[in-house]
Amino acid sequence: MTTSKKRALTGLRATGNLHLGNYLGALRPALELSKTYDCLYFIADMHSLTSNRDPAALASQTLDQVATWLALGLDVEKHILFRQSDVTTVTELMWYLSCVTGLGLLEKAHAYKDAAAQGNEVSHGVFAYPVLMAADILLYEPDLVPVGKDQKQHVEMARDMAGSLNAIYGDLLKLPQPIINEQVMIIPGLDGRKMSKSYNNEIPLFCEEAILRKKVMSIKTDSTPLEEPKILKGTLVGDLYALFGTGQQYEDLSSRLQSGGLGWGHAKEELFVVINEHLRETRARYMEVRRDEEALKATLRMGAEKARTIANATLHRVRYALGFR
Ligand code: ADP
Ligand code: TRP
């Protein structure tokens, strides 16, 4: 990353199997940016600790995510893929930011407010989540931070925290811009709600064909009899078909449904075929890459080294400015 291109950074927590919502809403748009920007992608395993307390699962899900990035074609020589916990100085910057961040700002965070509203006992980790996220961002001085809508507030809070530190100590940290891809829709899950691990309605990104087929066939449809005409548009099957099939394929399925004689079962079968075709090659690559854990760990070591170089330069400057001379 020695080019003068702008820099983009994004993180994804290591939590369970990635699904098609994660793929279309986060992974694919983030990868798209690697054509134009120098990118840093990291696995936010420290953030995962607010909900994941299973060490073996965390370790394995971290490698799943590395394999996913590689299978999707990320060039780890040109860009940086690393694990958050490999650059522990992020928690040092977190402390500096904590000292200039008011409780009032943190109390506004949606995630904290939701957890508190449910009457749950909220850990300090959940409360301080936005400060760690700000440190993640500010440490690497990105120009842009591509995130889903749900994370926009966190990037704005990172800007606030950088502004507070800069106001006291001089122009120290770069203020990043969030970029929200408004075109990326919320991908619906098998029951029509947002596809999410929390709803157990997801279609996994990489799973065996038989499981993928079973998932797709379980999509809820209405009970219009086989011979009746059916409208594809506006249905869950239609929405998913539009995401994976070509425009031509969509028109074709739509008109055959409209003519009657084609059941939703058939339509779902065709939906399975287009999703499966779309994922087939990447899935095979994933299965292959995932097997070689030593190679995945080596990829992480290479990324960590590159990430540390950037992080150290930032911290060196910050420490001096704070008076640690
Ligand atoms: P989940 O809801 O399954 O726990 P996460 O909250 O871990 O997923 O999401 C990780 C990333 O994937 C976020 O950037 C989020 O915006 C994106 N994402 C998750 N679900 C969807 C969806 N159904 N549609 C579009 N993007 C999604
Ligand atoms: N909080 C993000 C999420 O839940 C993950 C994340 C952690 C992140 N640190 C980040 C995203 C820094 C962008 C930049 O999806």
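Both backbone and side-chain heavy atoms feed into the values below; hydrogens, waters and symmetry mates do not. Note that ligands are numbered from 1 as they come in the structure, with each ligand's atoms numbered from 1 the same way. Worth saying up front: this structure is predicted, and the values here are computed from it rather than measured.
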Asks: With sequence neighbours excluded, what pairs up with D239 under the salt bridge (Lys or Arg N to Asp or Glu O under 4.0 Å) test?
Replies: none
Asks: Quick check: closest heavy atoms across V147 and I180, and the distance to 0.1 Å?
Replies: O-CD1, 3.6 Å
Asks: Looking only at heavy atoms, is any part of V145 under 4.0 Å from ligand 2, and if so is it the side chain, the backbone, or both, or is it neither?
Replies: side chain
Asks: Yes or no on side-chain contact (heavy atoms from CB on, under 4.5 Å) for H154 and Y129, after CA distance, side-chain angles and deciding distance?
Replies: CA-CA 9 Å; H154 285 150; Y129 189 107; 3.9 Å; yes
Asks: Answer side chain, backbone, both or neither: which part of Q151 comes under 4.0 Å from ligand 1, heavy atoms only.
Replies: neither
Asks: Out of Y129, F42, Y140, whose heavy atom sits nearest atom 10 (C) of ligand 2?
Replies: F42
Asks: Given a cutoff of under 4.5 Å between side-chain heavy atoms of I, L, V, M, F, W and Y, with clusters grown through shared members, what are the other residues clustered with Y37?
Replies: L33, L144, I179
Asks: For a quick check under 3.5 Å, do Y23 and H278 share a side-chain donor-acceptor pair by atom type?
Replies: yes
Asks: Roughly how far, to the nearest 0.5 Å, is the NZ atom of K297 from the CG atom of D292?
Replies: 10.5 Å
Asks: Should we count CD of E208 as having more than 12 external heavy atoms under 6.0 Å?
Replies: no
Asks: Does ligand 1 have an atom that lies less than 4.0 angstrom from a heavy atom of N22?
Replies: yes
Asks: In the protein, which heavy atom is nearest to atom 13 (C) of ligand 2, and how far is it?
Replies: G11 N, 3.4 Å
Asks: Going by atom types only, do Q84 and D136 share a side-chain donor-acceptor pair under 3.5 Å?
Replies: yes
Asks: Minimum distance, heavy atoms only, to atom 3 (O) of ligand 1: which one of K152, H19, K149 is it?
Replies: H19
Asks: Do any nitrogen or oxygen atoms of I186 lie less than 3.5 angstrom from nitrogen or oxygen atoms of ligand 1?
Replies: no
Asks: Return the closest protein heavy atom for atom 2 (C) of ligand 2 as residue, atom name and distance.
Replies: Q151 OE1, 3.3 Å
Asks: What part of Q84, side chain from CB on, backbone N/CA/C/O, both or neither, has a heavy atom under 4.0 Å from ligand 2?
Replies: neither
Asks: Nearest protein heavy atom to atom 7 (C) of ligand 2, by residue and atom, and its distance?
Replies: H47 ND1, 3.3 Å
Asks: Please work out, at 4.0 Å between heavy atoms, whether the side chain, the backbone, both, or neither of I137 comes within that distance of ligand 2.
Replies: side chain
Asks: Have T62 and D45 got a donor and an acceptor in their side chains that come within less than 3.5 Å?
Replies: no
Asks: Does any N/O atom on I187 come nearer than 3.5 Å to any N/O atom on ligand 1?
Replies: yes
Asks: Check V155 against ligand 2 and report side chain, backbone, both or neither, counting heavy atoms closer than 4.0 Å.
Replies: neither
Asks: Checking side-chain polar atoms at under 3.5 Å, does K233 have a donor or acceptor matched by the opposite partner on S254?
Replies: no
Asks: Tell me whether R28 is salt-bridged to E32, with the criterion being a basic N under 4.0 Å from an acidic carboxylate O.
Replies: no
Asks: Which part of E202 is near ligand 1, with near meaning a heavy atom under 4.0 Å away: side chain, backbone, both or neither?
Replies: neither
Asks: Using a 4.0 Å heavy-atom cut-off, say whether L12 meets ligand 1 through its side chain, its backbone, both or neither.
Replies: side chain
Asks: Would you say S196 has any N or O atom under 3.5 Å from an N or O of ligand 1, going by distance alone?
Replies: yes
Asks: Within the 3.5 Å criterion, strictly below it, is a donor on R13 or N52 matched to an acceptor on the partner's side chain?
Replies: no
Asks: Decide whether an N or O pair under 3.5 Å exists between D136 and ligand 2.
Replies: yes
Asks: Using a 4.0 Å cut-off to any heavy atom of G25, which atoms of ligand 1 qualify?
Replies: 25 (C), 26 (N)
Asks: N/O of R13 under 3.5 Å from N/O of ligand 2, yes or no?
Replies: yes
Asks: With heavy atoms only and a cut-off of under 4.0 Å, state how D150 meets ligand 1: side chain, backbone, both or neither.
Replies: side chain
